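Notes to accompany the following structure.
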Amino acid sequence: VKYAVMPNIENYQGDIISRVATVSGMDVSANAIRGRWSGFRPTVELENVVFREPASSTSTVRKAGDEALRLPRLEASLSWWALLAGQIRFGDFSLIGPQLALSRGADGLIYFAGNALNAPREVEDDGRMLDWLLQQPGIRIVDATLTWSDELSPGDTLRFSGVGVSVIKRGDSHEIGLVATPPASLARQVELRGTLNLGGEQGRRQFAGKLYVVATQANLGEIKRHLKLHDALHSGVANLRAWIDVDSAAAAPEAPNLALASFNPVRAITADASVINASVQLADDVAPLQFSRLAGRIEYVARDGGFSVA
């Protein structure tokens, strides 16, 4: 394998591209392929990889031939036992420098690569590429850019740079990690770690688990332009760490403040915060209170018919 297959990996480009196309359910093309060794694993590098809907697609999201995802560089380790048997099987994936886009449409659904992540599948083709990625033993995204646009929010499109993502599949759960640099007006850095159990019911993706989030120098006034935060908090710059329980299958709380209903699928939050130059208004008929510094712990729990905050 080391001396015969990998130095001549370009001879297997068609087989490797075909394998990626088969397991992803998409038409796949790549400009170039190279082979090398990483430890004891043979690794292939593909340049300018493009995933498109196949001619046989019955997807309701894109037409046949439409581009779903473009990757400047993809690295994948190969099972060398499978190579000796004349087969091609993948191990860990690394996506280098991709430009990723997430958006929320006017219908309230979250879209990635043209697929609504939280919508029921109308046909089997819908979302199969994401399913394939999540079935890989490990996925690493390095030096990515991520844009977020929201048709239900008046805020501008957000662009996160230096995005790094790690997803490791362990049984039915996925261990995830993310670090990103948001726009300077929003925060200095955001980090996220956690474990999610992914599943589905009646064709709809579901997830549940625990997340840990750290935000440094977060501008609360700017964040309110993009997220529904409590009306009492007007502004401030915060260093925040939070432990979050999520469950997409749980019913949304019927909160009297409709802004808090957007916390769904968040079921509970425990947050330690240190806020400087905070402006808080506890009631409409009370003048805002100004604090040079606020620090403490806040706990939010979603309950049937409402929520509690302590």
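Keep in mind the model is a prediction, meaning the values are calculated, not measured.
- Distance OG/S292 to CD1/I276: 9.0 Å, rounded to 0.5 Å.
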R297 vs T270, side chain to side chain contact (heavy atoms under 4.5 Å, CB included): CA-CA, chis, key distance, verdict: CA-CA 7 Å; R297 169 165 288 190; T270 299; 3.8 Å; yes

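- In the hydrophobic clustering of ILVMFWY residues, with side-chain heavy atoms under 4.5 Å counting as a link, L198 and I168 come out apart.
- The heavy-atom pair separating P72 from G97 by the smallest distance is CG-O, 3.2 Å.
- In this structure R193 satisfies the side chain to side chain donor-acceptor pair (under 3.5 Å) test with no other residue, sequence neighbours excluded.
- With contacts defined as side-chain heavy-atom distances shorter than 4.5 Å, the pair K169/P137 does not qualify.
- Closest non-hydrogen pair, W148 versus D150, comes out as NE1-CB, 3.9 Å.
- F160 and L240 are assigned to two separate hydrophobic clusters, defined by single-linkage of ILVMFWY side chains at heavy-atom distances under 4.5 Å.
- Within the 4.5 Å cutoff, the side chain of I17 has no heavy atoms near those of the S29 side chain.
- Distance check: L178 CG to L211 CG gives 10.5 Å after rounding to the nearest 0.5 Å.
- Looking at heavy atoms from C-beta onward, V213 lies in side-chain contact with I244 at the 4.5 angstrom threshold.
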Intermediate values then yes/no, salt bridge (Lys or Arg N to Asp or Glu O under 4.0 Å), R267 and D247: CA-CA 7 Å; R267 309 308 299 158; D247 186 351; over 6 Å; no

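- N219 has its side chain out of reach of S185: every pair of non-hydrogen atoms, C-beta onward, lies at least 4.5 Å apart.
- In terms of heavy-atom proximity, F207 sits nearest to L196 at CD1-CD2, 4.4 Å.
- When only modelled atom types and interatomic distance are considered, T216 and R188 share no side-chain donor-acceptor pair under 3.5 Å.
- Hydrophobic cluster of W243: the remaining members, joined at side-chain heavy-atom separations below 4.5 Å, are Y212, V214, listed by chain and number.
- With contacts defined as side-chain heavy-atom distances shorter than 4.5 Å, the pair L192/V190 does not qualify.
- With rounding to the nearest 0.5 angstrom, the CG atom of D143 is 10.0 Å from the CZ atom of R73.
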Chi angles and distances behind the side chain to side chain contact (heavy atoms under 4.5 Å, CB included) call for T181, S161: CA-CA 5 Å; T181 301; S161 61; 3.9 Å; yes

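- Interatomic distance, OG1 of T147 versus CZ of R159, reported as 8.5 Å (0.5 Å rounding).
- Nearest heavy-atom pair, V275 versus G236, reported as atom, atom and distance to 0.1 Å: CG1-CA, 4.0 Å.
- Atoms CG and CD1, from L186 and I223 in turn, are 5.0 Å apart once rounded to the nearest 0.5 Å.
- Interatomic distance, CG of L294 versus OG of S274, reported as 8.5 Å (0.5 Å rounding).
- A continuous path of hydrophobic side-chain contacts links I269 to I298 [ILVMFWY only; heavy atoms under 4.5 Å].
- Contact between A21 and V28 at its shortest, heavy atoms only, is CA-CG2, 3.7 Å.
- Identified under the salt bridge (Lys or Arg N to Asp or Glu O under 4.0 Å) test for residues 209-221, with sequence neighbours left out: K210-D245.
- Cluster partners of V142 are I96, counting Ile, Leu, Val, Met, Phe, Trp and Tyr whose side-chain heavy atoms approach within less than 4.5 Å, directly or via other members.
- Taking R293 as the reference, nothing meets the salt bridge (Lys or Arg N to Asp or Glu O under 4.0 Å) condition, with sequence neighbours excluded.
- Here the closest heavy-atom approach between residue P182 and residue A187 is recorded as CG-O, 3.3 Å.
- For E175, the salt bridge (Lys or Arg N to Asp or Glu O under 4.0 Å) test picks out R170, with sequence neighbours left out.
- The neighbour count for Q99 CD, taken as heavy atoms of other residues, nucleotides or ligands under 6.0 Å away, does not exceed 12.
- Put simply, F93 and V50 are part of two different groups of oily side chains (I, L, V, M, F, W, Y) that touch within less than 4.5 Å, one to the next.
- Between E45 and R34, at least one side-chain N (NZ, or NE/NH1/NH2) sits under 4.0 Å from a carboxylate O, which counts as a salt bridge.
- Put simply, L95 and V179 are part of two different groups of oily side chains (I, L, V, M, F, W, Y) that touch within less than 4.5 Å, one to the next.
- Side chains of L100 and L102 form no contact here, defined as non-hydrogen atoms less than 4.5 Å apart.
- Counting heavy atoms of neighbouring residues, nucleotides and ligands inside a 6.0 Å radius, atom CG of D172 does not exceed 12 of them.
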